[in-house]
Amino acid sequence: MTPPTTPNSSPALWVANGTNVLEFTSAALTTSGSAAPAPTLILNSSAFAAPQGVLFDASGNLWVVDGGTTSTGGKAKPALYQFTSANLTALQSPATGTPNVTINSSAFTFPQQAVFDSKGDLWVSDNGSNAVFEFMPSQLMASGIAVTPNITIKSNPAFTGALGIAFDTAGDLWIANNGTTTIFEFNAAALPTASGSVTLTPNIMLSDDGKQSIQGPWALAFDSSGNLWSSNANAPNTVVQFSKISLTASGSPTPAITLSSTMVSGNASLNAPNGIAFDKTGDLSAVSSAAPFGVGIYGSSQLMSSGAIVPNVFIVGAATTLNAPAGEIFGPTIVYGTAGTYGGTMY
């Protein structure tokens with residue numbers, strides 16, 4: 001792949017792709033169907049074992065949540081990897097990425113998603129440990145193989161495959177139980193401030209409405225209006241929205257909006273959807289973790305009603321190199337091999 005030479009300051013879509021991390025710039029997100037172009041950047045770091053999640057910190061550094069292989073009998077340990085923007089722009093080939101920070105905490109079993117809070121603390125959901133771990137900014141500054149999380153949260157009732165993780169504007173923490181049909185919320189005031197391990201009772205528990213509203217929830221994301229979106233990785237392969245007003249108490253709310261799969265040029269638009277992400281304009285991206293491994297981007301105007309909606313953009317096909325996509329995020333455009341092309345943090 002020939003590195004582009006022209007900087008692009010528009011938001012890019014970053015995807016944890018099972019064995020690597022892909023970046024699709026805005027130019028690559030305009031061609032739908034099997035003619036979709038190759039990613040702009042393919043990060044094949046030798047450190048990777050099973051990248052599951054991607055996110056950016058306030059400084060624009062890329063963090064990769066890697067589940068490792070120990071949970072399935074392998075030897076690669078789960079880890080958090082950080083790549084600075086300078087590190088990425090200085091790449092001379094897509095395979096030369098060496099993490100600036102590596103955190104192999106002994107607490108990890110199979111971490112998959114993470115989110116930063118307003119203070120810069122990193123919260124990590126661990127599907128294998130059925131726990132949520134918090135790391136302070138000072139713990140994220142340097143590599144360590146024995147980093148103990150500042151806070152460990154378990155739940156009563158217990159997490160069942162803690163995966164999707166998101167904060168709302170009030171600072172409340174939401175966790176999706178991928179192994180069942182529930183989503184938990186913990187009020188900001190209930191979250192611990194002192195180091196250590198705690199077991200909390202959710203303040204709100206959302207359950208399936210009996211019509212498959214919550215089925216193996218994978219990712220969680222809030223839109224600008226405070227509505228909660230969740231991807232159902234199990235059948236019926238949907239992305240649903242729970243209105244803000246339905247999030248004030250425990251119950252089994254019916255989604256206000258349900259995006260269903262449809263065929264786009266012979267390919268299912270949603271098949272075991274995993275990662276979902278909003279860009280700054282309110283467009284929603286949803287990535288399918290099962291064949292045909294497509295990424296659908298729905299315009300904000302398409303998110304007003306339910307249906308089997310054809311995404312505005314649907315990238316799929318061999319050129320994309322998507323083969324085990326999981327988490328995703330919209331972030332800055334970074335073009336490797338051309339110094340000074342970092343696009344900033346406003347995305």
Side-chain angles (χ1 to χ4, degrees), residues 11 13 15 24 26 29-33 36 164 166-169 174 176 178 181-183 185 204 206-290 292-316 325 327-330 347:
L13 182 67
V15 181
F24 295 92
S26 57
L29 299 176
T30 59
T31 304
S32 288
F167 282 99
D168 62 23
T169 55
W174 295 77
N178 180 249
T181 57
T182 57
I183 298 171
E185 181 258 23
I204 295 175
L206 304 183
S207 302
D208 182 74
D209 65 355
K211 300 178 183 178
Q212 299 182 306
S213 61
I214 303 176
Q215 296 291 316
W218 205 96
L220 299 176
F222 283 93
D223 62 25
S224 60
S225 297
N227 305 308
L228 177 64
W229 292 76
S230 173
S231 58
N232 284 316
N234 295 346
N237 298 308
T238 56
V239 175
V240 298
Q241 183 239 75
F242 297 101
S243 63
K244 183 178 180 179
I245 197 172
S246 71
L247 303 177
T248 57
S250 297
S252 303
T254 297
I257 297 172
T258 299
L259 303 179
S260 303
S261 184
T262 189
M263 299 305 290
V264 181
S265 300
N267 296 301
S269 60
L270 292 171
N271 193 10
N274 277 196
I276 55 176
F278 283 98
D279 70 9
K280 63 181 180 181
T281 69
D283 294 347
L284 174 68
S285 176
V287 61
S288 292
S289 65
F293 308 116
V295 176
I297 300 178
Y298 300 84
S300 56
S301 62
Q302 295 185 295
L303 304 178
M304 306 301 291
S305 59
S306 299
I309 298 172
V310 176
N312 276 349
V313 176
F314 183 60
I315 60 173
V316 68
E328 62 173 350
I329 194 77
F330 281 98
Y347 41 85

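Keep in mind that what you see is a predicted model, and the values were worked out from it rather than measured.
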Check: With distance as the sole criterion, is a donor-acceptor pair present between the side chains of N274 and W218 under 3.5 Å?
Finding: yes
Next item on the list: Report the residues that fulfil side chain to side chain donor-acceptor pair (under 3.5 Å) with N232, sequence neighbours left out, ordered by chain and then residue number.
Entry: T238
Next item on the list: Return the set of residues passing side chain to side chain donor-acceptor pair (under 3.5 Å) with N271 (not counting sequence neighbours), or none when no residue passes.
Entry: none
Margin query: Taking side chain to side chain donor-acceptor pair (under 3.5 Å) as the definition, give me every residue that meets it alongside T182, ordered by chain and number, with sequence neighbours left out.
Written below: N177
Next item on the list: Could you tell me which residues satisfy side chain to side chain donor-acceptor pair (under 3.5 Å) with E185, sequence neighbours excluded, listed by chain and number?
Entry: none
Next item on the list: Please name all residues satisfying side chain to side chain contact (heavy atoms under 4.5 Å, CB included) with D223, sequence neighbours left out, ordered by chain then number.
Entry: S225, N227, W229, Q241, F278
Check: What closest approach, in Å, do I257 and S305 show between heavy atoms, and which atom pair accounts for it?
Finding: CG2-O, 3.6 Å
Check: Can you name the closest pair of heavy atoms from F314 and A268 and give their distance?
Finding: CZ-O, 3.4 Å
Checklist line | Flag for T281-D279: side-chain donor and acceptor within less than 3.5 Å | finding: yes
Notebook entry, point to check: So which heavy atom on S261 is nearest to which on A308, and how close?
Noted result: O-CB, 3.7 Å
Notebook entry, point to check: Looking just at side-chain N and O atoms, do E328 and S285 make a donor-acceptor pair shorter than 3.5 Å?
Noted result: yes
Next item on the list: Output all residues satisfying ring pair (Phe, Tyr, Trp, His ring centres under 6.0 Å) with F167, sequence neighbours left out; order by chain, then residue number.
Entry: W123
